[in-house]
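What follows is a short report on a single structure.
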Amino acid sequence: MKIDGRHYRTIFPEADGRSVQVIDQTRLPFAFELKRLASLDDAAVAIRTMVVRGAPLIGVTAAYGLALAMREDPSDGGIERACTTLAATRPTAINLRWALDRAAGLLRRAPETEREALAFAEAARIADEDVASCRSIGEHGAKILAEIAAKKSGPVKVLTHCNAGWLATVDWGTALAPIYVAHDAGVPVHVYVDETRPRNQGAALTAFELNAHGVPHTVIADNAGGHLMQHGDIDVCIVGSDRTTASGDVCNKIGTYLKALAASDNRVPFYAALPFSTIDWTLEDGVRDIPIEERDAREVTHLTGRTEDGGFATVQVVSPGSPVANPAFDVTPARLVTGIITERGVCEASADGLATLYPERRRAA
Ligand code: MRU
């Protein structure tokens, strides 16, 4: 995506081949800054502290983290240590483990002297594949938006939750990719952006992206979506996913489930857009089996933002002493999901639906 006329990916290797650059997402939307990752530790800290976030992007960052670790210690033990460190950073998004399994599997079969170069090449391949998948998700999803546009006057009103855009992937995004492709093709779209407490990825990151791309949008408080749907102000919901089960249950940022319930009650189509690397083929029941990250209470009790004089301030917003819970994700059961948009097309959210797009993964009966 372009920022100030220059095209950026959210992660890219430096010319010296010894480190990678990422966009520091903790500084957005007020400052666009790059951060250099030069070691396994740098990569692990960047994922844990959400300098980088979003399921596909943390997968790619983990793959580069493994490559950086190979420079320090290319032994079998070095691979295991790096994978353990990186896998422990965030538990919910399966993309992280998927990328590590893929890259580590390749490295284990290679001589130690070749592992660093191989790991960097594999991380770059995973990044390129993510861009291609997201672009393809965009093309498939844009057809849905164009169909809606053909049946109404005015813009297609899309509600999205959290940030599943360019910043959550390497480029394009998942839920936002159809919006970008449709907008670029002249389909009128207006995006309603859930603020997405507690970290406000919608208000800070999705709004930043849509502004940068010139897509009309409105930021709404998290609790406003149901009301808008009741009044016919949302034509379709599109969200991303951090892990989707083989039966089509969709895990995504906390609050997604409530939007799906409101969408179902108001007969608003509800789509999840995700690449194959987000599908956990080993799980069926997402509510029961997907590990949900519990994050620091301070994300709920405090808010950081820009002050009117251009500085930054952190303020407490919860009554001091009150206990706080902060589950970061929830699971929307497949029955509430109208369809899953992937790089291979759009399918029903079910084992059979996914099998139509990924026949190679259909389990033997
Ligand atoms: O906690 P985050 O910011 O990493 O959560 C991100 C989301 O929930 C996204 O919707 C999800 O990763 C899909 S990304 C294309």
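First listed ligand is number 1; within each ligand, the first listed atom is number 1. Bear in mind the structure is a predicted one, so any value in this text is a computation, not a measurement. For the single chain, residues carry numbers from 1 onward in sequence order. Note: hydrogens, waters and symmetry copies are ignored here, and every other heavy atom, side chains too, is used.
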Task: Qualifying residues under side chain to side chain contact (heavy atoms under 4.5 Å, CB included), relative to A263, sequence neighbours excluded - done: M229, C237, V268, F270
Open item on the list: According to salt bridge (Lys or Arg N to Asp or Glu O under 4.0 Å), does anything in residues 328-344 pair up with another residue at least two apart or in another chain? List the pairs.
Closed with: R344-E360
- [ ] Tell me, yes or no, whether the heavy-atom count around D4 atom CG, taken from other residues, nucleotides or ligands under 6.0 Å, exceeds 12.
- [x] no
Open item on the list: Quick test of your reading: applying salt bridge (Lys or Arg N to Asp or Glu O under 4.0 Å), list the pairs with at least one residue in residues 211-233, sequence neighbours left out, ordered by first then second residue.
Closed with: K157-D233
Task: Shell of residues surrounding ligand 1, defined by a 4.0 angstrom heavy-atom cut-off that is strict - done: M50, R53, G54, A55, P56, R90, C162, N163, A164, A168, T169, T174, Q201, G240, S241, D242, N252, K253, F329
Open item on the list: Aromatic contact between W166 and Y180, with the criterion being ring centroids under 6.0 Å apart: yes or no?
Closed with: no
- [ ] Hey, can you tell me if F208 and F32 have their rings parallel, tilted or perpendicular (30° and 60° cut-offs)?
- [x] parallel
